Amino acid sequence: MADKITSRSQDYSQWYIDLVRSAKLADYSDVRGCMVIRPNGYAIWEKMQAALDRMFKETGHVNAYFPLFIPESYIAREAEHIEGFAPECAVVTHGGGEELAEKLYVRPTSETIIWASYKKWIQSYRDLPILINQWANVVRWEMRTRLFLRTAEFLWQEGHTAHATRQEASEEVLRMIGIYKQFAEEYMAMPVIMGKKTDSEKFAGADETYCIEAMMQDGKALQAGTSHHLGQNFAKAFDCQFQTSEGKLDYVWATSWGVSTRLIGALIMAHSDDRGLVLPPKLATRQVVIIPILRGDKTAVIAEADSIALALNKYGIPAFVDASEQNSPGWKFAEYELQGIPIRIELGPRDIAEKKCIAARRDTLEKTDLALDNTLPLQVSEILRQIQQSLFDKALRFRTENTREATTFEAFKTAVEKGFVIAHWDGTAETETKIKEETKATIRVLPSEDDYISRYNMNEPGICIYSGKPSAQKVIFAKAY
RNA sequence: CGGGGCAUGGCGCAGUUGGUAGCGUGCCUGCUUUGGGAGCAGGAGGUCCCGAGUUCGAGUCUCGGUGCCCCGACCA
């Protein structure tokens, strides 16, 4: 008997930790708050990177790399920025055995070091826009950590763009949050709500922050990606001006946007079950495992299994055979379910005699017979498509069922324990803070998606749930990770 | 930084009034098995977190330290 995973109903938080560790996605390290991303976990990240990187390139972005170390004077340049980040930074004071003349901050994000470069690169409107992304690690000295969701060091991508006009930067901010939404929904099969953060939740140094928010299986919200309009804040801090086509000087407009390995945590908490990981096919490095039932003429069974794998691979479906005799079929079933392989094909002498095999779906655990002929790859690819779709549908249904509207604070308090709550807010930070203090719930997002807005009449005026003052719109509250 | 918990074979744990360390699982060998985490036999594997103290004798008692995890405040 291998590792037992705590059930979700018993202890959701422990379930998550058990799953991450027993599916070998990540491990704790001896460094506080830092994790080791194991091959199974890293494979998911590589799939995410590949898809996102392609989407970035398709929208005109290029990759580059900036230093890990940021001089203290750079970090300090933008007032709000340092105020927000300094408390959670690791700082290098010594190098080569000697104390440094200027301390170096291990990047918590790279706006400052990048804008120091942009200042050198930008003179004219002809140098704009700059559309750079970097894949990197960052460090934030978190007080409390959780595997993938919040660790002291994590991997991410950060896009940093420079534009000639506010409008152009605004378009970029929306374009990228849109890409994140598309990625979350198409690849991760995780529905998200796209919209704006309130002032208190926005990025340190930004004018506006857009985000995508997802609902986890315990009803809590998880911010899965952010895109910031930085206005001219960093350009001013780094004195980055350019000459316009009319010959005037203006400060450069900036954006930044990012997603991190936190997405792996989101993926787990969106779909997985008590048996282990459930991976959407589009993020599975191995989509099909073939398990031969080794009895009778073993050689013949293995040969047939191999030929199925070959046919699937040729068709573009990554499949592999586990023909080891060390473990029983039952052991393998459990193991690959734990690892989230989307489809398991069982193949024994009886099946071969009947010219069929059995396909078991990881998400629904349903088993169906598949004809063992040259249509097999087509049949398998159809099941993969269904899994991808049905994961999304199920998550969306769950989110809808756990989204409630509240018109009184009493109703709000009850509802917010179980999921998202849509309610009127007077727009003040004071009210937001009070509600957080009393319920631990925060305003997750002011949706900017038309269908969501119209569905819940988000823009209809009303009365604030807490203060009773006039409210221009409804917002989404939830407890969050 | 507050509150709680844990530290003993790889992993999960037990260890009584102090007597020289054991169980499950995993690992290695062999045989039998194989359609939902197989069985039997044999075997390897320990600085009991660190330091000091009490004692003839400490995994166990005393004092001091360290590390990690969980719950809160802060955060992608």
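Just so we're on the same page: letters track the sequence lines, and every chain starts at 1. Not measured: the values here are computed from a predicted model.
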Symbol by symbol from the 5' end, with Watson-Crick or G-U pairs under 3.5 Å, [ ] crossing and | another strand, RNA chain B is (((((((..((((.....[..)))).((((((.....)))))).....(((((..]....))))))))))))....
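Nucleic acid contact for A:Tyr481: none, since no nucleic acid atom lies under 4.0 Å from a heavy atom of the residue. Nucleic acid contact class of A:Ser13 (heavy atoms, under 4.0 Å, all strands): sugar-phosphate only. Contact annotation for A:Gln14: no contact, since no heavy-atom pair falls under 4.0 Å across all strands. Note on A:Pro349: a base of the nucleic acid sits closer than 4.0 angstrom, heavy atoms only.
A donor and an acceptor atom, one from each side chain of A:Gln134 and A:Ser110, are located under 3.5 Å apart. Residues A:Thr6 and A:Gln10 bring no donor and acceptor atom of their side chains to less than 3.5 Å of each other. When only modelled atom types and interatomic distance are considered, A:Glu382 and A:Gln386 share a side-chain donor-acceptor pair under 3.5 Å. For the 3.5 Å distance criterion, the side chains of A:Arg8 and A:Ser272 fail to qualify, holding no donor opposite an acceptor. Defined by atom type and a distance below 3.5 Å, a donor-acceptor pair is present between the side-chain atoms of A:His228 and A:Thr209. Inspection of the A:Tyr16 and A:Asp11 side chains reveals no N or O donor paired with an N or O acceptor under 3.5 Å. No side-chain donor-acceptor contact under 3.5 Å links A:Thr151 and A:Glu142. Side-chain contact check for A:Arg286 and A:Gln339: at least one donor-acceptor pair (N or O, by modelled atom type) lies under 3.5 Å.
A cation-pi arrangement is present between A:Arg344 and A:Phe333, with the terminal nitrogen or guanidinium carbon under 6.0 Å from the aromatic centre and inside a 45° cone about the axis.
Residue A:Ile75 forms a side chain to side chain contact (heavy atoms under 4.5 Å, CB included) with just one option from A:Leu104, A:Thr112, A:Thr109, A:Val91, and that option is A:Thr112.
Of the two residues contacting RNA chain B, namely A:Ser324 and A:Ala480, the nearest-nucleotide position lying further toward the 5' end is that of A:Ser324. With RNA chain B read from its 5' end, the first of the two nearest nucleotides for A:Arg344 and A:Gly33 is the one closest to A:Arg344.
With hydrogens and angles ignored, no donor-acceptor pair under 3.5 angstrom links the side chain of A:Asn327 to the base of B:G37.
Residues of residues 193-223 of chain A having a heavy atom closer than 4.0 Å to RNA chain B, listed by number: A:Gln223. Using a 4.0 Å cutoff on non-hydrogen atoms, the parts of residues 279-306 of chain A near RNA chain B are A:Ile293, A:Leu294, A:Arg295, A:Lys298, ordered by number. Applying a 4.0 Å cut-off to non-hydrogen atoms, the residues of residues 438-446 of chain A that approach RNA chain B are A:Lys440, listed by residue number.
In this structure, A:Lys367 pairs ionically with A:Glu346, as a charged nitrogen and a carboxylate oxygen lie closer than 4.0 Å. Note on A:Asp27 versus A:Arg21: salt bridge recorded, some NZ/NE/NH1/NH2 to OD/OE distance being below 4.0 Å. The pair A:Glu335-A:Lys332 does not meet the salt-bridge criterion, since no charged nitrogen lies less than 4.0 angstrom from a carboxylate oxygen. Looking at A:Arg362 and A:Asp273, a side-chain N of the basic residue comes within less than 4.0 Å of a carboxylate O on the acidic one, giving a salt bridge. Ion pairing of A:Glu58 with A:Arg54 is present here, as a side-chain N (NZ or NE/NH1/NH2) and a carboxylate O approach within less than 4.0 Å.
A sub-4.0 Å separation between OP1 or OP2 of B:C74 and a side-chain N or O of A:Arg144 is absent. The phosphate of B:A38 (OP1 or OP2) has a side-chain N or O of A:Ser328 nearer than 4.0 angstrom.
Contact between A:Pro292 and A:Ala305 at its shortest, heavy atoms only, is CB-CB, 4.3 Å.
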Anything under 3.5 Å between a protein N or O and an N or O of nucleotides 4-6 of chain B, put it in a table, one pair a line.
none

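For the P atoms, the distance linking B:G24 with B:C40 amounts to 11 Å, nearest Å. Comparing the P positions of B:G18 and B:A58 gives a spacing of 13 Å, expressed to the nearest Å. For the C1' atom pair drawn from B:G30 and B:G12, the interatomic distance equals 28 Å after rounding to whole Å. Comparing the P positions of B:U34 and B:A38 gives a spacing of 12 Å, expressed to the nearest Å.
Taking atom CZ of A:Arg350 as the reference point, atom C1' of B:G35 lies 6 Å away to the nearest angstrom.
Among residue pairs with one or both ends in residues 67-84 of chain A, those qualifying as side chain to side chain donor-acceptor pair (under 3.5 Å) are A:Glu72-A:Tyr105, A:Ser73-A:Glu102; sequence neighbours excluded.
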